[in-house]
Amino acid sequence: MAHQNATKRNLQLLACTAPALIVFITMKIIPAVMGFWYSLTSWNGINPKKPFIGLENFREIFTTDSYFWDSLLFTFRYTIWIVVAMNILALLLALGIESQRRGKGVFRTLFYLPNMISLVIGSFMWNFIFTKVLYYMADTWGWSFLDHSWIGDPTFSFYAILTVALWGGTGYIMIIYIAAIQGVPEVLHEAAIVDGATPFQRLRSITLPMIAHSFTICLFITLNNAFQVFDVVYTLTGGGPGRATQVVAINIYEEAFNNSNRFGYATAKSLIVFAIVLVITSIQLTVMKRREQEL
Amino acid sequence: MNHTSDTRYSPRRILIFALLISYALFCLFPLVLALVNSFKTRSEIFTNIIALPEHLEFGNYGRSIKSMRYFRSLLNSAFISTAGLTGIVFFSSIAGWALCRFKGKLSTAIFSLFVLSMLIPFNAIMIPLYRIATVLHLSNTLWGMGWIYSGLGVGMAVFMYHGFVKGIPLDLEDAARIDGCNLLMTFKNVVFPLLLPITATIGIMNLLWMWNDFLLPLIMLQSPSRYTLLLSTNMLFGKYASDWPAILSALILSALPMIIVYVLLQKHIIKGITEGALKG
């Protein structure tokens, strides 16, 4: 009887989860499994045959594909910059907003506004600024420090990409920090004020330790997002000039859909990216677990 | 941080206020410049890019509405997001509930599958996903996009529903069962109404994601008549490379729906985003 009951419960469970499982397995699990198979073929996306070539794709990636490694290196560089800059900026903005008596809501609303708009639209607007407005300012007002080829020169296009990414993404991280700061019990601050602590001392000894958990969350949200960046680079520089700002997502996209239609080869690259993301995520989970045990 | 000092306007607070104002200007800068210049003629943009337009050149908007098929694209975007969200909410609410109520080895296994899949980055599956979508005739159709988004979105949503159901007492469901409700009726009439707060959060998160997503439609949709707002904007940018008034008015038009939604629902959106970030 108990056994029958368990079977019935399992059937009910399966019936309720079936719709979600079906779409999810079709769109996520099967592609992930297929990816492993494709990476071992020289399939070109059109040919019904998918010739098996073993680890040949991986050999080619590791020995000859310097563009891929350049794009990976550039992505790492971009990621480090974004993780550091976005977290510092977002934390400062959150602290700044929370230190005000008036206008908290207005600032929060304005700072989050760029996040509502797709980075595709944002990048095109910034493209106008970088290619037209800044030149105009440099010419008319003599602001020569603006007189650079912001999109055409690799050094400056890197900063252009960073600017737009920060513009479009910081608000979200700031919101998380604000929620954390608001969660710090008011009594702690009151007690510290009675003891004569300066604002800076309270920031260092109360606020920052109390929001350490959100710091971990934000760190890994920015890390994951930055590593998979596509929209902002694709629409702002297209990976150029040349391949100077090509991130790894663009490298894979172009390999599969634009240049050569080498689906098998591009899939092999995407698996390498997958492996890197897995490493990042497992570090994240370990760190988070350790933190929770400490608390 | 509220009781820094007794003086209302300490120099420190004024300095911070000034810095916040400058960051607010930075946030608005591209939007305002795009708006101002979208009403100028082409020659006016080159002579004075900062000033207000001499007269409002609405022709720019007419030109971009026509060439990016604005209303068609808007409808496509709305259809895809609605279809995707409907799928995500219906499929994952009942799944998340069942996974919490029928505890056992099977539920643990299924739940782990959903959670672990959140680790799979989109880049890693986009090429095989394109293939599957083509085989199932889901690519280059609006319905297909809805299905694909459902599949990509349910993992996270199941996780969030599951977490929410844990906090709902069993009493009501037991009462419904004793009154003769079957499983589906219990879920539909008793459980689902209780899930509305988390459904709002999931809805906001997923709508923002699908509406602003670029890479998936870029891969899947080939016919311009099925382009989303972002694809049409992207196409227009490539086609009218030097016609800035048309491009800028197109950018304003594509940003407009989200800005309107934000102005109307700002408080709910910020709340939903905060909860979504902390629970996900």
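All of these numbers come straight from a predicted model, not from anything done at the bench. These values consider heavy atoms only, across backbone and side chains, with no hydrogens, waters or symmetry-generated copies. The sequence lines fix the lettering, A, B, ..., with proteins before strands; numbering per chain opens at 1.
Residues meeting the side chain to side chain contact (heavy atoms under 4.5 Å, CB included) test with Leu116(B), sequence neighbours left out: Leu119(B). Qualifying side chain to side chain contact (heavy atoms under 4.5 Å, CB included) partners for Ser249(B), counting only residues two or more places apart in sequence or in other chains: Ser38(B), Asn60(B), Tyr61(B), Ser64(B).
A tilted orientation is assigned to the rings of Phe114(B) and Phe24(A), their planes being inclined by 30° to 60°.
Within a 6.0 Å radius of CZ in Phe17(B), no more than 12 heavy atoms belonging to other residues, nucleotides or ligands are found. In Phe26(B), the CZ atom is crowded: over 12 heavy atoms of neighbouring residues, nucleotides or ligands sit closer than 6.0 Å.
The main-chain N or O of Leu215(B) is never found under 3.5 Å from a side-chain atom of Tyr253(A) such that the two would form a donor-acceptor pair. At least one donor-acceptor pair closer than 3.5 Å links the side chain of Trp167(A) to the backbone N or O of Cys27(B). Remark: side-chain polar atoms of Asn212(B) are paired, donor with acceptor, to backbone N or O of Met116(A) under 3.5 angstrom.
Neither the backbone nor the side chain of Leu19(B) comes within contact range of chain A, judged by heavy atoms closer than 4.5 Å.
By the 4.5 Å heavy-atom criterion applied to side chains, Leu278(A) and Ile120(B) are not counted as neighbours.
Comparing Val158(B), Leu113(B), Leu184(B) by heavy-atom pairs within less than 4.5 Å of chain A, the highest count is held by Leu113(B). Listed options Ile129(A), Ile272(A), Leu110(A) were ranked by heavy-atom pairs under 4.5 angstrom with chain B; first place goes to Ile129(A). Residue with the most contacts toward chain A among Leu229(B), Thr233(B), Asp213(B), Leu183(B): Leu183(B) (heavy-atom pairs, distance under 4.5 Å).
Here OG1 of Thr7(A) is found 11.0 Å from CG of Leu106(B). Values are rounded to the nearest 0.5 Å.
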